[in-house]
Number of protein chains: 2
Amino acid sequence: MPKRATIQDVARAAGVSVTTVSRYLNGRYESMSEKTREKIAAIIAELGYRPNALAKGLKAQRTETVGAIVVNMSYPFCVGFLRAFSRTLGAAGYHLMVAESEGDAKRERQLIESFVANRVEAIALQTSGANNDYLEELAREMPVVLVDRAFALPHAYAIGTNNRDASREIAWQLFDLGYDRVVYLTEDERGIPTRTDRLEGYLDACRVALREPVVMRVRRGDPSSFHEALARVDACARKARTAVYTANGLVLMECYRPLRALGHKVPVQLGIATFDQPDWADLVDPPVTCVRQPVEEMGEAAGRIITARLRGEGVTAEVLVVPSTVAMRGSTGRG
Amino acid sequence: MPKRATIQDVARAAGVSVTTVSRYLNGRYESMSEKTREKIAAIIAELGYRPNALAKGLKAQRTETVGAIVVNMSYPFCVGFLRAFSRTLGAAGYHLMVAESEGDAKRERQLIESFVANRVEAIALQTSGANNDYLEELAREMPVVLVDRAFALPHAYAIGTNNRDASREIAWQLFDLGYDRVVYLTEDERGIPTRTDRLEGYLDACRVALREPVVMRVRRGDPSSFHEALARVDACARKARTAVYTANGLVLMECYRPLRALGHKVPVQLGIATFDQPDWADLVDPPVTCVRQPVEEMGEAAGRIITARLRGEGVTAEVLVVPSTVAMRGSTGRG
DNA sequence: TTGAAAGCGCTAACAA
DNA sequence: TTGTTAGCGCTTTCAA
């Protein structure tokens with residue numbers, strides 16, 4: 001690894017001072033002779049010189065880098081969010097550092113700290129909620145945006161969707177469509193606001209519709225937990241029109257095949273609906289009714305808030321709720 | 001934004017020199033009194049001090065950061081790759097900067113340069129191929145790994161799959177299964193090695209099987225281009241058993257519904273196969289035959305190569321081919 | 001066991 | 001139009 005050229009090297013080779021080179025680098029040509037400018041340009045090209053952003057950042061106290069911490073980069077929510085976030089920031093000239101917490105609070109904390117050490121200018125994260133004290137402190141010093149699992153925290157921004165309302169709405173519609181039973185499949189919701197909210201929404205709907213809620217908890221990656229849930233669905237469906245409503249697309253994905261394999265007619269005997277809009281929802285037959293989360297809008301909003309704040313503009317909305325919408329499809333007999 | 005505490009602040013508050021604090025930070029406790037150590041620890045906690053990684057990096061000439069440039073973070077290939085890459089690097093203590101080139105060569109170049117300016121210690125990228133000269137130069141100074149669209153470049157590493165062989169294999173199997181026509185749907189392949197290789201593989205199979213190739217070029221996001229392709233498929237399928245083979249999962253996704261809407265019986269009249277393994281391949285009925293690209297292995301390999309190189313270990317394999325495998329499913333009448 | 005000081009590559013205030 | 005120099009926050013050599 002040959003050492004990279006520095007501004008000193010350029011200055012020396014061009015026979016000027018580092019100041020002049022620095023001026024050149026920052027586009028302050030107005031006070032510089034044509035000749036000097038050309039000379040410097042030539043040397044830079046020749047040396048393949050690239051200014052050291054670390055040195056610049058150290059001096060300027062600005063890194064033009066923003067950090068994002070998600071639970072898992074391959075979760076559809078995160079994919080959509082990160083893409084929109086990255087685009088918005090990229091357009092404003094910021095770099096993006098990405099890391100995965102795997103939902104682990106300690107790891108999340110470490111990641112935040114190491115982002116801070118790297119002097120990211122802002123952080124967006126899908127937090128476990130266990131580091132709220134630290135985040136609250138941090139939010140005093142830099143823009144902090146909590147997405148998805150959006151806890152209300154002083155000084156921090158929160159971007160999420162109306163999980164409870166949308167969940168209530170879709171569950172309600174399922175009852176309204178004539179499904180006597182709606183079986184709700186969720187992962188362990190404790191400590192995860194999106195999940196508790198969606199569950200609450202479902203329970204709200206049951207209350208209003210005067211139906212007995214049926215909540216089955218599953219663990220992704222553990223087929224036996226799904227077996228149990230599906231056995232319950234099967235039992236219900238034999239007695240009355242039943243709908244399965246899953247708390248997110250990944251849960252539905254994991255049980256979709258065995259669910260269909262039960263053999264009940266969709267949508268007549270069995271309805272299927274899910275929170276999230278998996279990209280395959282329209283490909284299966286019949287297409288799956290779902291709650292469309294405006295993931296990209298959230299990413300964009302997060303990017304906009306951060307760039308605005310870093311530009312020194314006050315951003316008012318501390319809690320942004322981007323509403324989800326229900327998309328009725330054939331899997332519930334309408335659409 | 002209150003200024004963050006510096007090592008100076010800590011030293012002053014603890015009544016010791018910055019040298020001592022630096023020693024503490026780097027775990028060199030052996031030559032330090034118990035009392036000093038505790039004092040420093042207390043002050044650091046009190047001040048919420050976080051060492052400035054920029055200053056450290058500037059001094060040490062190491063940023064512990066690696067860059068990745070992909071075409072589009074939401075492409076299934078990139079999602080899988082980035083996740084595995086990020087995990088592997090994260091485990092080795094590296095940070096990851098991610099950016100999207102959108103397949104644009106100029107943008108790609110800018111991104112590389114700005115990564116270089118930020119002194120990333122290595123770069124992995126899905127390149128357009130237009131910056132090969134620059135990349136070749138760069139590869140002399142730092143580990144450069146070309147993934148997916150893997151051009152062979154001196155000093156750089158290339159990680160890809162056996163696109164041509166796998167494509168030939170699946171096309172050949174389609175003929176073997178009794179499909180008289182195999183219609184190949186691809187996006188414009190010019191300049192993109194993965195696409196040309198897959199096309200070549202298909203053509204190879206046609207040659208060997210003595211069949212007329214039928215190549216239809218589509219543009220994602222442009223329905224009319226798909227209409228045309230599907231009309232051709234329809235015409236073929238009316239005359240003889242026909243299979244559709246798409247160059248990647250996104251192309252298949254975009255035409256899957258209209259394809260099924262043509263009404264031909266799958267797999268009897270119409271076979272369906274694709275390169276890539278979309279996550280929904282098993283959810284539709286019948287499940288879709290596909291070429292499984294070991295995306296995660298590529299990400300892991302890229303991470304391993306980079307960490308090994310940065311650890312100073314010589315890494316030999318300059319071109320790594322991670323083989324894809326054909327998964328026969330019901331959409332082609334076997335599996 | 002501790003500290004002074006040089007220097008990493010850059011910017012900008014001040015001077016010429 | 002150009003240059004000198006201090007300093008951003010840290011590590012490390014050398015000295016005490």
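Every chain is numbered from 1, with letters handed out A, B, ... down the list of sequences. Since this is a predicted model, take the numbers as computed values, not measurements.
Rounded to an integer number of Å, the gap from CG of Leu54(B) to C1' of dT11(C) is 15 Å. dG3(C) atom C1' lies 19 Å from atom OH of Tyr24(B), rounded to whole Å. One atom, CD1 of Ile7(B), and another, P of dT2(C), lie 15 Å apart when rounded to the nearest Å. If you take NZ of Lys35(A) and C1' of dT2(D), they are 14 Å apart, rounded to a whole angstrom. One atom, CG of Asp9(B), and another, C1' of dC10(D), lie 13 Å apart when rounded to the nearest Å. Remark: P of dG9(D) and CD1 of Ile44(B) are 16 Å apart, rounded to the nearest angstrom. Distance Arg62(A) CZ to dA12(C) P: 12 Å, rounded to the nearest Å. Summarising the geometry, the separation between CG on Leu25(B) and C1' on dT12(D) is reported as 14 Å, rounded to the nearest angstrom.
Side-chain to base pairing of Lys59(B) with dG7(C): one donor and one acceptor N or O lie within less than 3.5 Å of each other.
A donor and an acceptor atom, one from each side chain of Thr20(A) and Ser17(A), are located under 3.5 Å apart. Residues Thr161(B) and Asn163(B) bring no donor and acceptor atom of their side chains to less than 3.5 Å of each other.
Both Asn26(A) and Gly15(B) sit near DNA chain C, but only Gly15(B) has its closest nucleotide nearer the 5' end. Nucleotides of DNA chain C nearest to Arg23(B) and Asn52(A) differ in position, and the one nearer the 5' end is that of Arg23(B).
A pairwise comparison of heavy atoms in Ile44(A) and Tyr24(A) identifies CD1-CE2, 3.6 Å as the closest pair. Heavy-atom minimum distance, Pro193(B) versus Phe151(B): CG-CZ, 3.4 Å.
Side-chain proximity of Ser17(B) to the nucleotides dA6(C), dG9(C), dG3(C) is greatest for dG3(C). Comparing dG9(C), dT11(D), dA12(C) against the side chain of Thr19(A) picks out dA12(C) as the nearest. Closest to the side chain of Thr20(A), out of dG9(D), dT2(D), dT11(D), is dT2(D).
Contact annotation: Thr36(B) reaches the phosphate of dT2(C) (side-chain N/O to OP1 or OP2, under 4.0 Å). Checking the phosphate oxygens (OP1, OP2) of dG7(C), no side-chain nitrogen or oxygen of Gln8(A) falls inside 4.0 Å. Of the side-chain N and O atoms in Ser33(B), one or more sit less than 4.0 angstrom from OP1 or OP2 of dT2(C). At the phosphate of dG9(C), OP1 or OP2 sits under 4.0 Å from a side-chain N or O atom of Gln61(B). Between dT12(D) and Arg28(B), a contact under 4.0 Å exists linking OP1 or OP2 to a side-chain N or O. Checking the phosphate oxygens (OP1, OP2) of dC10(D), a side-chain nitrogen or oxygen of Tyr49(B) falls inside 4.0 Å.
Within 4.0 Å of Glu30(A), counting heavy atoms only, lie sugar-phosphate atoms of the nucleic acid but no base atom.
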Arg62(B)/Glu121(B) under salt bridge (charged side-chain N to carboxylate O under 4.0 Å, His left out): CA gap, chis, key distance, verdict = CA-CA 7 Å; Arg62(B) 292 204 50 204; Glu121(B) 298 187 34; 3.5 Å; yes
query = Please walk me through it: do Arg4(B) and Glu141(A) pass salt bridge (charged side-chain N to carboxylate O under 4.0 Å, His left out)?
reply = CA-CA 8 Å; Arg4(B) 296 201 70 92; Glu141(A) 310 176 7; 2.2 Å; yes
